[in-house]
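Below you'll find the structure, written out as structure tokens, and then a few comments.
Counting starts at 1 for both ligands and their atoms, following the listed order.
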Amino acid sequence: MSYLAPAGTVMSLGEIARGFGRGLFVERARQQLIDALRRNSDLTHCWPVSSGRAAMTLALQAMRAFANDPERDEVLIPAYTCYSVPASIARAGLRPRLCDVDPHTLGMDPHALDKSDFSRVLAVISANLYGIPNALPEIEAIARRRGILMLDDSAQSLGARYGARAVGAYGDAGLYSFDKGKIICTIQGGAIVSNNAALAAHIDALLRDLPDSTLTETLMNCAKLPVYALCLPPAMYGVVRRLPFLGLGRTEYETRYPIAQLSRPQTGVAAELSGRLDALNQQRRRNAAGIAKALQGVSGIALPAIATDAVPVYARFPMRILDPAARDNVVRTLDDAGIGATTSYPRSLADVPEVVATLRSPQAPMPGARAIAAQIVTLPTHGYCPPDLGERVRSILVGSRTTARVAA
Ligand SMILES: *Cc1c(COP(=O)(O)O)cnc(C)c1O
């Protein structure tokens with residue numbers, strides 16, 4: 001049966017082949033990718049690396065060296081974000097400190113952030129989940145006022161903007177991911193960006209000593225790229241989606257991952273795809289607008305609040321089913337209809353034992369993050385979505401018992 005993957009980057013075998021070809025001239029491909037990312041984010045410094053996690057670990061290690069204060073070993077993060085974030089913090093030898101999240105915006109609540117204990121905090125990390133910009137000017141202002149650094153995690157938001165600036169360009173450094181469910185895909189990959197010259201010198205020093213991706217890693221990632229491209233169309237995805245190697249939708253806390261340069265062929269593919277970044281994002285935006293329009297006014301659900309000055313890119317379209325008991329039923333019905341809906345990250349980080357074990361002291365409960373974990377459903381926005389996706393989802397929602405509780 002035909003099935004819409006929950007997320008993905010539409011790409012052709014020709015593009016992958018051209019990307020591999022570009023990778024033969026690695027310095028030129030690197031420069032093309034760096035130029036595309038710099039053009040996107042108006043930033044001076046950019047370093048492609050083996051994953052978003054590697055980018056985060058390296059950026060935090062550089063921040064540690066830059067701040068040069070051994071007492072500052074905590075990193076403030078939203079209590080609802082990708083599990084890779086606290087894992088990357090642990091890998092950098094640091095500890096997370098949690099801040100609650102506003103269910104309406106799905107981003108850190110600036111008031112909760114401002115009330116945090118900053119005494120041992122090195123940096124704060126944004127999340128910009130699903131391509132939706134967080135309250136970045138507010139977060140940046142708090143970081144400046146409190147004398148801490150800021151890392152703008154744009155793993156899911158390459159191409160999104162807030163006001164005059166790109167998401168990823170707030171604070172002292174930012175990062176992008178090229179993993180499977182993100183904006184552009186090289187199976188694994190990512191980049192660090194920065195416009196803080198003093199911090200950039202520390203990142204440069206770390207990157208000079210960074211090993212190349214191993215041959216095995218490179219070959220595995222490159223072999224998966226054409227498989228990914230061929231499996232994403234709904235006719236194929238319906239057949240292969242239960243096979244484990246696609247690895248979509250897994251959520252694990254894992255601190256063992258390679259920290260290396262982005263391989264040559266993957267750099268070439270990232271450079272090739274970055275030329276189509278605006279077109280990919282325009283399509284996602286159009287699909288998200290269609291879903292939002294169809295779901296407007298449906299009772300029992302809440303659509304994300306988008307700041308007036310923000311331009312999201314919608315790696316996925318998130319909504320909340322206000323009655324958590326109705327959510328499983330909705331996801332099952334969407335699944336039966338061939339629509340890859342997900343319940344995103346299953347828990348607030350305050351309820352993930354591996355994360356709790358790394359906290360310096362017990363922390364207050366995180367009701368906003370817990371509510372999101374219980375209510376969220378994401379819908380696909382990629383180029384294989386049919387124009388009537390919103391209408392189809394609407395009729396499923398109206399037919400399910402989502403209306404048991406009225407919108408808050
Ligand atoms: C995916 C993701 C990461 C990590 O990126 P990888 O390339 O998968 O290592 C970090 N932060 C957020 C918010 C993410 O979604």
Residues forming a salt bridge (charged side-chain N to carboxylate O under 4.0 Å, His left out) with R146, sequence neighbours excluded: D114

is_close_aromatic(Y345, Y80), centroid dist under 6.0 Å: yes

Side chain, backbone, both or neither: Y345 near ligand 1, heavy atoms under 4.0 Å: side chain

Under-4.0 Å heavy-atom contact with ligand 1, by part of N128 that carries it: neither

Heavy-atom contacts with [X] under 4.0 Å: which atoms of ligand 1 show up? List them by number with element.
X	answer
L129	13 (C)
G189	7 (O)
C82	2 (C), 12 (C), 13 (C), 14 (C), 15 (O)
V85	11 (N)

Do any nitrogen or oxygen atoms of [X] come within less than 3.5 Å of a nitrogen or oxygen of ligand 1?
X	result
T81	no
A127	no
S177	yes

Side-chain donor-acceptor contact under 3.5 Å, N128 with Y162: no

Distance-only donor-acceptor check, side chains S263 and Q266, under 3.5 Å: yes

Evaluation steps, side-chain contact (heavy atoms from CB on, under 4.5 Å), between V393 and I339: CA-CA 9 Å; V393 174; I339 299 168; 4.2 Å; yes

Passing option when E74 is tested against R360, R95, R64 for salt bridge (charged side-chain N to carboxylate O under 4.0 Å, His left out): R360

Ring geometry between Y384 and H382 (parallel below 30°, tilted from 30 to 60°, perpendicular above 60°): perpendicular

Options E254, Q156, K182, ranked by nearest heavy atom to atom 2 (C) of ligand 1, top entry: K182

